[in-house]
Structures are given as structure tokens and as C-alpha cells.
Amino acid sequence: MSTELEKLPKVYDPFQVEEKWYSFWLEQKYFHAEAELGKPRYCITIPPPNVTGSLHMGHALCYTIHDVLGRWKRMKGFDVLILPGTDHAGIATQNKVEQQIAADGLTRFDLGREKFLEKVWEWKEHYGGTIIRQLKRLGCSFDWERERFTMDAGYADAVVEAFVQMFNKGVIYRGARVVNWCPRCHTGISDLEVEYEEQHSHLWFIKYPLADGSGFVEVATTRPETMLGDTAVAVSPEDQRYMGMVGKDIMLPIMERPIPIVDDAHVDPEFGSGAVKVTPAHDPNDFEIGIRHNLAQIVVIGPDGVMTEEAGKFAGMDRFEARKAVVKELEELGLLVKVDDYTHSVGTCSRCDTTIEPLLSEQWFVKMKELAQPAIDAVKDGRVKFVPDRYSRIYLDWMENIKDWCISRQLWWGHRIPVWKCADCGEFVAAKSAVEACTKCGSKNMEQDPDVLDTWFSSALWPFATLGWPTKTPELEAFYPTNVLITARDIIYLWVARMIFQGLEFMGEVPYPDVYIYATVLNEEGRRMSKSLGTGVDPLDLIERFGSDALRYALIQQAGMGQDMRFSDSRVENTRNFGNKIWNMSRFVMMNLEEGAGGQGLGAGKPELDELKLEDRWILSRLNRVIKTVNDGFGNYDMDDAARSLYEFLWSEFADWYVELAKPRLRDESERATVQWVLWNVLETSMRLLHPIMPFITEEIWQALPHQGESIMVAPFPETDESMISDAAEAEMNSVMEAIRTVRNLRSEVGATPGKKVDAVIVTEMVELFQANAVGLRSLARVENLEVTKENIPDTEKSQYLASHGPGFDVYLPVAGLVDIEKEVARIESELKTIEKDLARCLGKLSNEQFTSKAPAEVIDKERRIAAELEDKKAKLEERKKALSS
RNA sequence: GGGCGAAUAGCUCAGUUGGGAGAGCGCUUCCCUUACAAGGAAGAUGUCGGGGGUUCGAGCCCCUCUUCGCCCACCA
């Protein structure tokens, strides 16, 4: 026994171990991929977390999955590139810095564009790396030498290139539309960035007088202040009530401006009074009505949420103040009919929660129709597969009803739109570098568009821009298309869809064949983990308490195909215990591998098949099945299956049974070498199998075991050896295990303490099997004298024994009058009851002619076998009951 | 309004060509047996959300209802 190994601590301490091996892997450059030829390649460009972010549980799950797949493929011999990076996250980051300078009472406008951007860059340098450091802590084997940022120089070049190409193709156009405007962020945002929340508000009913004084039209609104910008009243063309009024004018109250009554199919005659006020500059539907009827667009609420000059005497008033003032005035004018309580959903900014103001403004748009079609086809014909599959429907529904994409943002942090406008002739010119002269009139009076691009415009290019596009780099050549996208379901539209059409547009190929949408991590109460709600669990905190391996395993174990995952600390604690179990079974194995058996000796010491005993063949058979499950699981994104089968195998089979059975054999010189080899082989193989999920502890153990190679990270991943799988060995071993359980059960019944040995008799037809395994049986069941025989115990003696019956054997424990007869009879009776119930069900089936004629033969055979077993057991129990009672 | 998902032990969840209901945690009893008490052994626990249907046979397939969660659209 090695004295050094005996010093191994009883409790596994992840902290030192994790730091040690992570540094080692980095030094060895194992995470680094070369675009070398000759090796199959595997590439994932990770979803770049926002620079504002710190690791939350969703990230931990996402990147653990990445790392599991990456490590698995690397061990399988692939040239693996997991390319990391961060996203500049336009609004989110700008907001952070705005908050920071707000502490000094400053706004970005006080600082000015240039100064403000300096601040943002400073902020990014200071805080932007947080999440990357945390990913290293998680154990991620990403290629840090290739880390990208969506605003690094090369990436910026790709963004501009993409824009200019699209602009020159005519896919990008400028238009005035009503967009979702956030008065706090001071920018337009896309429909996808608006969150709707139910709000209790009011519905105001207002009388609009007809210009000719012949009466009133009643309209209903949730935003009375917008009436200042009304340019029409619309009714349904089918509405009898307003038949004669279409074409007449309304005298808009307060503003005292005549506006027409128009008919438009958009109006629902059932709602309210059937007449609707039309404010083309402040409502997307009204905007459309306005276009159809050629109505004026009057902007009465400005970009800052303050009423404009167009709002007359309300100019300069906050929009919500103006609402009150307008209502008050209408009331005074006697035009307010009534106010109903009304609950409706109100759009809010997903970044800052401010109520969105629909606002007419000039923006850049991407025409989506032509771009969407190839992206639809790619999913329909299976070039891109969603996992789980149901998300492809969700994707397709959205793509098939897609609207043009507003890509300009009135922010400062982001990719400045590479378009210059000629001050003289109004021409827009897009170019990769500053435009000196107008291409149309030659004027030198060119000014760059002040706006920046939607963050998602740049991240849509991620799978190829990170690999060097637009330059044809060896990396781009080697790693595009990538292999899979692993992401959360809330960005299927925002990001996944856009990457697919941009990949097709610029690379002519889908960016990845698989899109794996993982489960949303919820907290224990089933609520979404959210920092603002205080319902989050900090992954770093869990790593501190239980180690990275434990957190990773806990996440993967639950990473099923469901759409939600509840997560709690106790799971991580449990997997920490699993780690400790692995540690201790490894200590046991190491303590029992002596010098001579280690190193090369073991590899050469592979025993011949006929030297293997039943439990050896059994555990090797089980191991090879697990190898299959793990490979299948990783390959099919059923990683939870892989994780669970490893847990089950290592704990409930290897540790609980094989290791226990090995103990007496290790003391037997004739068997020692064989057992050592099997222990080593199973453990070493298992560590390689488990390594993708628990990289640290497996490296620590593997390095301490005899092994080949410099790191488990680059050791080959186990492949199933079908010849080692044996149904027969598993069936026989099950009988032995069942017999051991039966003896233990009887021991517990007679109250034998674990230290106390008992005698036992096994009556069976399988005498050879039990005799061959007598040593293990005696050891695990703590039996002193074991008799295995075909001869049944005479009825007259049965009262001297406690008995239990298993499949194919009966176990007797001599108790010499210690049996509490009354209690034992009661126990037998209760057991008989359940047996009779099962038997009745069984026999009922078998006597059903329908069943015996229609069910497959093997099912019927199985049922017959069960019936026979139950009958046998029943007979024995009845016999015993009689013996005891007499 | 449309769609998706979930409902299995006290809790969190597994359970695929439909064929004797499982794990972890928790609970009960016994045990520091030389790898491990973060452990070992033995045990209790279920109208598989309700109702109907298909089938010899349904946790699993079909219909329907209920509850919860999510997404999309509209919301004067």
C-alpha cells in the first residue's frame, strides 16, 4: 500500500483542485484550436453575454452545456473551437453609464457624445470582463485567445461591411414610421424590446362636435392627451349610425381645428361608440389609417416625453401631466361624457421599464420579406433543426409574418450607422469610411448619420464575424458553418432568426445545423430567476460552497428537454456528495493498487476473459452499457440521461456492489491482480466518461491513477465494446444481488446488528451459481456459515428458521426459537395478501382469451413466469404459516 | 383571440415502438463494519390532475375539462 495515498483527505476539497487544473490546462493550451487540417472540427461560437452582465444561473447552464459538448468532442479527437466573447449591448450598457454619471447630476447630453463614449469604454474595460472571469471559474474550456467583442476593430469592420452591402443592394431603406419610443432611453426600440404589462387605467369618452354644429360624435380613448394631435375621426364603413357623417368635419376641441370623419375597415363598430379618434403621429394603427386617408401627422409629444409646440398651450408639459390637464379642460368644456375603469396592456421599455410612447420618427429599416424566405426554407427542409423540435414552429410562425426590422437607434453606444447625408441634395451615401463628397452632386457638405445600429444587427453576424469575415481567414474556412447554437428561448426571434438569415445572406450557408434551446432556470418557487425581483441564486455563491463540478453536474442532470427547470441549493449539495463519493471510491481503489500493479503494468495486466468472475463480467457489461448511454446522450442533447446513468452506475453499481465484492477478493492472492485490474479499468474509464460534466475531480483522480497521456482532457473518450455486454452475466448477477438483499432483509428482521454474523441456508436449483459466489455473498450479507443446497428443509424444522423467498431461491436463517411467532405469522399474512392480489391480476390476464390470443408471445410468457413465481411463493408462505402455527 | 408547455411519492423531477410504477431530498429503524456519517443496510409512502374513448392491455395514444406557467397578436 502506498503511504502517500493513505494521506489523501477523507473529504474531497474542490477549491485547490479546481484552480490547479484550470491553470494547468491553460498552460498546456488545450483550449486553443488551430484551423489545422486532418482532424474533424467542432465549433460553437457562444452566445456572447452582455458586458453589463454577471453570471446568473441561466448562463451557468448555457455555458456548462457548451463545455460538456466541447470537452466530449475534444476527447473524441475533434479539433474543438468554442469561441467566447461579449456583446456591447447598446441600450443596456449605455443605461449603466448613464446611471453612473447621474450620481453626479449629469446626463449624456451634458458630457457630449465623445466624452460620454470615453466613459462607456472605461466602464467596459473595468467591468466588462466580469462574466468571462466567472466562466473560467465554471471550468469552461473556451479558446480565450480568440475572445471577441462585438465592437472590437475587426468586428466593427464586419458590421460596416454588412451594412454597406445591404444598403447598396437596396435592402436597407429610410422611412418615417411610428416606432416604439422610450422617452427615458431617448431612442426608438423594436417591437421585440417592448414588454407589455396589464395596467389599471381609464377609458375616457369624449364628445367631438361636428363642425356644422349639427351634433356630436363620441370617441373613447385611453390616452386623452394625444387628442391634441388628432387629424381625423374614423368609423367603420359598415356602421349604419355614421353613414351620413363620413366626409363631414369635426371641430377638434381645445385645438379648434377642423378634422375629417373618414371610414376605415380597421374600426370595430362593436367597440365603444364605434368611432375612433385618429392620431397618426402617435399610434401605429392610426398611422396606417393616416396613410390610407392621406391625413396630416402632427407630433404633439416629443422624444423626451414632453409636449411639443404643436400641443399649443400644453407645450412643455410632461405627457402624463398633460393628460390630466386635457381631461380637466374637456370636463370644463362639458365634452367629457364619462370615465370608465379600464384594464389594458401598456408597452414598457424592456431595458428601463418606462412607458413606451409610440412616436413618428425617421428610422432605417431592413426589408425582411426576401431575407426571410431562405431562412424559412432552411428550417423547413431540415438544414436547421431545432431541439426540441416544437421551437421550429415558433420560429416559422414568426418568420412567416415578419415585419421590416427597424435597425437604427438614437443612442451613442454602438456601431455608428455608416451613412452620410448630403446637406445640399439630400442624397444618402453608405460607405466603410468617411464620405468626403456626395456621389450625386459632388457637394463636400456631408454629415454622418448620428444614430447607431440595433445591437442585434451586429450580433446577427456573430457566427462568421468572429471567425474573421469579411476576410477569408483559415478559421472561417475551417469552422463555418459552426456545429450548434445553444441558447435560451427568449432570443429565438431577436437573435437566432437573424443569425440564420444573415448567415445565408453573407455566407450562403446556414450558421449551424442544430439549435438547442435549453430550459429556463426557475427558482425553487417556480418563479423566474431575476435580479430585480431578488429571486436569483448566484452561481458563484454555489461554486464557493460546493465547487464547480457539483454545480455543473446539478445543472446537467436536470437539463432535460422540458421548458422550465426549477433549481435549488439542495441539488447542488447532493451532487457535492456525489463528488465526495467518487473521491472516496477512488481512494479505495488507489489504496489497493500497489506499485507493481500501477503504471504500464496494469495495461499489460489485462486478465483473460476466463479469469474474470461473474461480478467482473457484470460490472464491465454495465460499464459498456453506460458508455453507450453517455455517448448517445451527449450526441442527442439528452445530457440529463448521460448524467443520471453515470450517477446510477458509479454509486449504485460500482461503489455499492462491485467495490464491496472486491474487498474479500483483494485479500486472496490468486484473485488480487484480476480485481485490481477491473477496479482500475472501471474507475479510469468512468473518469473519462464523466470528465465532460465534472472536469476537475475527474482530472484529479485520473492523474493519480495509472494512466496514459498528460491530461484526461485530451485522453480518448470511451467507446462501447459490444463484446463486453452480457445479458447472461447481468441476469446471474441480479440473482446473486437479490439473494444478498434477501439475507440482509432477514437479518434486519431478526434484529442482527451489522457487526454480527449469521448462518444462512439457500435452497435453490442454481447451486453452482451461489456456490461460485459464496465468498461475496458471505461478505456482503455477513454470513458466517453458508449452506447452498437443492434439498429443501423438512417442514418439521422450518419453525427453527426465518425464511424469505426470491426468484429461484429460498433463504433460511436459523433463529433457534428467537422468532416471535405471532408477529411472523402476521407478516406472512400481509405478504400473502399482496401476493394474492398480484396473482389474481396475473391469472385474470392469462385466463382472458382475448389476451392470450392477441398479446405477443413473449408478453404472455413473461406473464406466465410471473404467475408461476407468485404461485410458488404463495405456496411456500402458506406452508410456512402452517409450520409456524402448528 | 391564437399557440406552446406542465400536472406522477410530502418536495424537486425521471419514466419512447403501450406490457409487473422509479430516483434524489425528506421520513422510520439499525449501524462510526479500515474508501466514504457529505456514509452504509433495511423500510414506509402513489385514485400517474378529472372524465370519456381506442386496445387483450394506457402514466404513455385520441377527445374533453380543470389548474398553473410561457409565447404571439389585438386592445379606441
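In what follows, every chain begins at residue 1, and chains take the letters A, B, ... in the order their sequences are listed.
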Whole angstrom value for the distance that separates C1' of G1(B) from CD of Glu270(A) = 15 Å
key: 5' precedence on RNA chain B between Asp641(A) and Trp657(A) (nearest-nucleotide basis)   = Asp641(A)
request  = Sorted by first residue and then second, give each salt bridge (Lys or Arg N to Asp or Glu O under 4.0 Å) pair with at least one member in residues 649-663 of chain A; sequence neighbours left out.
outcome  = Arg622(A)-Glu653(A), Glu660(A)-Lys663(A)
Candidate list Val278(A), Ile250(A), Leu295(A), test side-chain contact (heavy atoms from CB on, under 4.5 Å), partner Ile259(A), passing option = Ile250(A)
key: Pairs flagged by salt bridge (Lys or Arg N to Asp or Glu O under 4.0 Å) wherever residues 263-273 of chain A is involved - sequence neighbours left out   = Asp264(A)-Arg292(A)
task = Compute whether any side-chain donor of one residue and acceptor of the other, for Asn584(A) and Arg587(A), lie under 3.5 angstrom apart.
result = yes
task = Specify the separation, in whole Å, of atom CD of Gln850(A) and atom C1' of U54(B).
result = 14 Å
ask   = Is it true that Asp861(A) and Arg865(A) make a salt bridge, defined as a side-chain N closer than 4.0 Å to a carboxylate O?
value = no
task = Looking at every strand, decide which applies to Val267(A) at a 4.0 Å heavy-atom threshold: base, sugar-phosphate, or nothing.
result = base
message = Counting only side-chain heavy atoms from C-beta out, which of C4(B), C56(B), C75(B) sits nearest to His266(A)?
response = C75(B)
message = Any non-hydrogen side-chain atom of Arg489(A) less than 4.5 Å from a side-chain atom of Thr520(A)?
response = yes
query = Residues from residues 394-404 of chain A sitting under 4.0 Å of RNA chain B, heavy atoms only?
reply = none
query = Are Arg566(A) and U12(B) close enough that a side-chain N or O sits under 4.0 Å from OP1 or OP2?
reply = yes
inquiry  = Could you tell me how far C60(B) sits from U17(B) if I compare only their C1' atoms? Round to whole Å.
reply    = 12 Å
Nucleotide nearest Asn745(A) (side chain, heavy atoms from C-beta), chosen from C75(B), A42(B), C56(B) = A42(B)
key: Nearest-Å distance once atom C1' is located in both G18(B) and A73(B)   = 39 Å
ask   = When we call it a touch if two heavy atoms are under 4.0 Å apart, what does Leu522(A) touch: a base, just sugar-phosphate, or nothing?
value = nothing
ask   = Picking from C75(B), C71(B), A42(B), which would you name as closest to the side chain of Tyr493(A)?
value = C71(B)
query = Reading nucleotides 20-27 of chain B 5' to 3', which nucleotides get B (base under 4.0 Å from a protein heavy atom), which S (sugar-phosphate only), which -?
reply = B---SS--
inquiry  = Stem finding on RNA chain B, please: runs of three or more consecutive Watson-Crick or G-U wobble pairs, both distances under 3.5 Å, sorted by first number.
reply    = B:1-7 with B:66-72, B:10-13 with B:22-25, B:27-31 with B:39-43, B:49-53 with B:61-65
request  = List for me each residue that meets ring pair (Phe, Tyr, Trp, His ring centres under 6.0 Å) alongside Phe578(A), sequence neighbours excluded, and say none if there are none.
outcome  = Tyr553(A), Tyr647(A)
inquiry  = Without decimals, in angstroms, what is the distance between Glu749(A) CD and A41(B) P?
reply    = 18 Å
task = Calculate the interatomic distance between Asp490(A) atom CG and C71(B) atom C1'; express it in whole Å.
result = 11 Å
task = Provide the closest heavy-atom pair for Val235(A) versus Val246(A) in the form atom of the first, atom of the second, distance.
result = CG2-CG2, 3.8 Å
task = Output every pair passing salt bridge (Lys or Arg N to Asp or Glu O under 4.0 Å) with a member in residues 741-750 of chain A, not counting sequence neighbours, ordered by first then second residue.
result = Glu738(A)-Arg741(A), Glu749(A)-Arg827(A)
Kindly give the atom pairs (protein nitrogen or oxygen, nucleotide nitrogen or oxygen) under 3.5 Å for nucleotides 34-37 of chain B.
from   : atom 1 : to        : atom 2 : distance (Å)
A35(B) : OP1    : Lys663(A) : NZ     : 3.3
A35(B) : O2'    : Asn584(A) : OD1    : 2.8
A35(B) : O2'    : Arg587(A) : NH1    : 2.6
A35(B) : N7     : Lys663(A) : NZ     : 3.2
A35(B) : N6     : Ala655(A) : O      : 3.4
A35(B) : N6     : Glu660(A) : OE2    : 2.9
A35(B) : N3     : Asn584(A) : O      : 3.0
A35(B) : N3     : Met585(A) : N      : 3.3
C36(B) : OP1    : Lys10(A)  : NZ     : 3.1
C36(B) : O4'    : Asn584(A) : OD1    : 3.0
C36(B) : O4'    : Asn584(A) : ND2    : 3.4
C36(B) : O2'    : Asn584(A) : ND2    : 3.3
C36(B) : O2     : Lys581(A) : NZ     : 3.0
C36(B) : N3     : Lys581(A) : NZ     : 2.9

message = Say we look at U28(B) and A44(B): how far apart would their P atoms be, to the nearest angstrom?
response = 15 Å
message = Considering every strand and a 4.0 Å limit on heavy-atom distances, what is the contact class for Tyr342(A): base, sugar-phosphate, or nothing?
response = sugar-phosphate
key: Results of side-chain contact (heavy atoms from CB on, under 4.5 Å) for Asn734(A) - residues two or more places apart only   = Met737(A)
query = Quick one: are Leu705(A) and Trp702(A) in side-chain contact, heavy atoms under 4.5 Å?
reply = no
inquiry  = Closer than 4.0 angstrom, basic N to acidic O: yes or no for Glu218(A) and Arg241(A)?
reply    = no
message = Restricting to side-chain contact (heavy atoms from CB on, under 4.5 Å), what partner residues turn up for Leu679(A), sequence neighbours left out?
response = Phe588(A), Val589(A), Phe654(A), Tyr658(A), Val659(A), Ala662(A), Leu666(A), Val675(A)
C1' spacing across the pair C63(B) / U54(B), given as an integer number of angstrom = 11 Å
query = How is Ser568(A) classified with respect to the nucleic acid when contacts are heavy atoms under 4.0 Å: base, sugar-phosphate, or nothing?
reply = nothing
ask   = By salt bridge (Lys or Arg N to Asp or Glu O under 4.0 Å), which residues pair with Arg576(A), not counting sequence neighbours?
value = Glu573(A)
message = Nearest whole Å is fine: how far is G39(B) P from Phe578(A) CZ?
response = 12 Å
task = For Arg576(A) and for Glu198(A), locate the closest nucleotide of RNA chain B by heavy-atom distance; then report the residue assigned to the nucleotide nearer the 5' terminus.
result = Arg576(A)
For residues 337-347 of chain A, please give each side-chain donor-acceptor pair under 3.5 Å, one per line with the distance, not counting sequence neighbours.
from      : atom 1 : to        : atom 2 : distance (Å)
Asp341(A) : OD1    : His202(A) : ND1    : 3.2
Thr343(A) : OG1    : His200(A) : ND1    : 3.0

task = Return the nearest nucleotide to the side chain of Arg741(A); candidates are C75(B), G19(B), A42(B).
result = A42(B)
